Amino acid sequence: MFKKILIANRGEIALRIIRTCREMGIQTVAVYSTADRDSLHVRFADEAVCIGPPPSRQSYLSIPNIISAAEITNADAIHPGYGFLSENAEFSRICAEYGIKFIGATAEQINSMGDKATAKATMRAAGVPVIPGSEGLLESVEEGKELAKGIGYPVIVKATAGGGGRGMRIIKDESEFQKAWDDAKRESGAAFGNDGLYLEKFVEEPRHIEIQVIGDQYGTVCHLSERDCSIQRRHQKLVEETPSPVVTPELRARMGAAAVKGASAIAYEGAGTIEFLVDKYGDFYFMEMNTRIQVEHPITEEVTDFDLIKEQIKVAAGEAISGQNYTPKLFAMECRINAEDPANNFRPSPGKITQLHFPGGHGVRIDSHVYAGYTIPPNYDSMIAKVIVSGQSRAEVMTRMKRALQEFVIEGVKTTIPFHIRLMDDPGFQSGIFTTKFLESFDFSNL
Ligand code: MV4
């Protein structure tokens, strides 16, 4: 087992990783930018190294600075958390080169899933259902138009280097094709330095349902069932839940088997997530694979009783997994509390937290790095807490979530709490029958 892990991240996930390391008897090294000097991850770690000024590029994204911190402190592994360097193939490769275990995917796995057209081809070859579309990249507008004619409009062009909704355009009919193509190419070239595009049938009003997988170094992969992440705004998830209200045991078995097949095809090591779109007929299609721990991992922990960070560390250290899939008997939901004003277009609201009280009680878990008197810096993402609730039924979880949100006291900054309270009272949300478009028609006024 590792003796010392450096956590190449900040905020709640850095704290989350430190907590598990402590329980496992593993020493921890925090890294921090000067904006995070007073952060809890710095205080809770056994050692801390300042790695640069506030801008991420010069601190949390600086590979030389982080490798230096690991060398100086003699860390034998690095946990990257989510975001930042967690899906950076170069970083994974450099860690390996320096003899530091990267607690995450290999450079090869990151590359194969990071290029979305390649990922899709890999999954299709493995027998995972994919959305009808181009085989690989489109060579020209003409090829795209020809394909779209066969598939039928609407179609969507996506940047192969994209993901998370960047560099894609929906095309309703052939007259829109040229402009959508030009726009998507320009945008993806500028954003990713790669303007490769692929085409798919556009699935209207889908649900976003993802399967948690974990693989060991010996080729065993298992799944820990699904998370429904359909409640999103501009590709930012706000609420996640498990089980999905629309996933039957039969569908779970098929999606789980597909996810395991896909991850096995790349001999996936570590915790990963296979994202699917589920259409109105209940058919599911591979969308993307995330080769990292995700923000919403705690809802899976609450219903399976696994500590996913511990599992990541164990498989990275060479332990074998049982290979048994897991079907939960509980329900769980997570609300992301962001320092944003939901009544004003979710405008970021950094600043000092003057008063703070966290909810508690049965079935309530808070993952957060903030405290009374803490100043939220403007340099990073605005998530400041996750309220994770578990219970015996979806109805119980929603009731408990509303109760917990009402107990939450936070003053000095605007947060998404009022939005979440209104959501828990929304009949459409309560019905469990909604799509990724749900928040497009939600009333955010007077929150
Ligand atoms: C799609 C789609 C419909 N049809 N692909 C959005 C993020 C990126 N992962 C891919 N996305 C989508 N791809 C086809 N062929 C609709 C979306 C999409 C979406 C997906 C999941 C959750 C929210 C979404 C919001 C808008 C669009």
Side-chain angles (χ1 to χ4, degrees), residues 82-83 87 113-121 123-124 128-138 144 147-148 150-173 176-177 180-181 183-184 187-188 191-192 196-211 226-242 244-247 255 259 262 272-292 294-296 334 336 346 429 433-442:
Y82 51 69
E87 291 175 288
M113 293 298 118
D115 185 272
K116 304 304 171 191
T118 304
K120 193 177 167 183
M123 291 300 158
R124 178 170 38 201
V128 179
V130 298
I131 302 167
S134 59
E135 290 196 24
L137 298 183
L138 288 174
L147 262 172
I151 293 167
Y153 286 91
V155 296
I156 184 168
V157 286
K158 296 181 172 178
T160 193
R166 292 177 308 164
M168 42 183 238
R169 288 291 182 282
I170 300 161
I171 309 175
K172 290 203 193 67
D173 61 68
E176 296 179 2
F177 207 107
W181 166 275
D183 289 351
E187 190 175 300
S188 52
F192 318 116
L197 301 179
Y198 63 105
L199 179 137
E200 287 180 342
K201 172 82 185 160
F202 181 66
V203 180
E204 292 181 81
E205 313 232 351
R207 288 184 82 116
H208 171 132
I209 298 175
E210 58 190 30
I211 302 280
E226 81 280 5
R227 294 184 289 260
D228 193 318
C229 309
S230 299
I231 302 295
Q232 313 197 354
R233 181 185 170 275
R234 301 192 183 165
H235 305 295
Q236 290 293 116
K237 295 168 185 167
L238 284 164
V239 177
E240 305 92 350
E241 63 177 303
T242 186
S244 167
V246 299
V247 173
M255 290 180 74
T273 300
I274 317 255
E275 297 183 352
F276 293 101
L277 284 184
V278 178
D279 69 14
K280 59 186 164 202
Y281 311 108
D283 288 323
F284 65 91
Y285 305 94
F286 169 79
M287 192 163 51
E288 290 175 18
M289 177 169 187
N290 300 317
T291 55
R292 60 166 191 273
Q294 289 192 273
V295 174
E296 60 271 26
E334 169 180 278
R336 298 192 189 189
F346 289 75
F429 179 69
I433 307 306
F434 46 79
T435 73
T436 56
K437 282 182 179 291
F438 180 79
L439 292 185
E440 288 179 21
S441 56
F442 194 82

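Whatever order the structure lists ligands and atoms in, that order sets their numbers, starting from 1. On a predicted model such as this, the values are computed, not experimentally measured, just so you know.
Remark: E204 does not engage K437 in a salt bridge, criterion side-chain N to carboxylate O under 4.0 Å. Using a cut-off of 4.0 Å between Lys/Arg side-chain N and Asp/Glu carboxylate O, R166 and E187 are scored as not salt-bridged. Using a cutoff of 4.0 Å between basic side-chain nitrogens and carboxylate oxygens, E200 and K158 are scored as salt-bridged.
Distance alone, capped at 3.5 Å, is enough to place a donor-acceptor pair between the E226 side chain and the S244 backbone.
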Could you give me the CA-CA distance, side-chain angles and deciding distance for M113 and M123, then say whether side chain to side chain contact (heavy atoms under 4.5 Å, CB included) is met? CA-CA 10 Å; M113 293 298 118; M123 291 300 158; 3.7 Å; yes
Quick check on ligand 1: any N or O pairs to the protein under 3.5 Å? One line per pair.
| from | atom 1 | to | atom 2 | distance (Å) |
| --- | --- | --- | --- | --- |
| ligand 1 | 4 (N) | V203 | N | 2.8 |
| ligand 1 | 5 (N) | K158 | NZ | 2.9 |
| ligand 1 | 9 (N) | E288 | OE2 | 2.8 |
| ligand 1 | 13 (N) | K158 | NZ | 3.0 |
| ligand 1 | 15 (N) | E200 | OE1 | 2.9 |
| ligand 1 | 15 (N) | K201 | O | 2.7 |

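Note on ring orientation: taking the six-membered ring where Trp is involved, the planes of F429 and F438 are tilted (angle from 30° to 60°).
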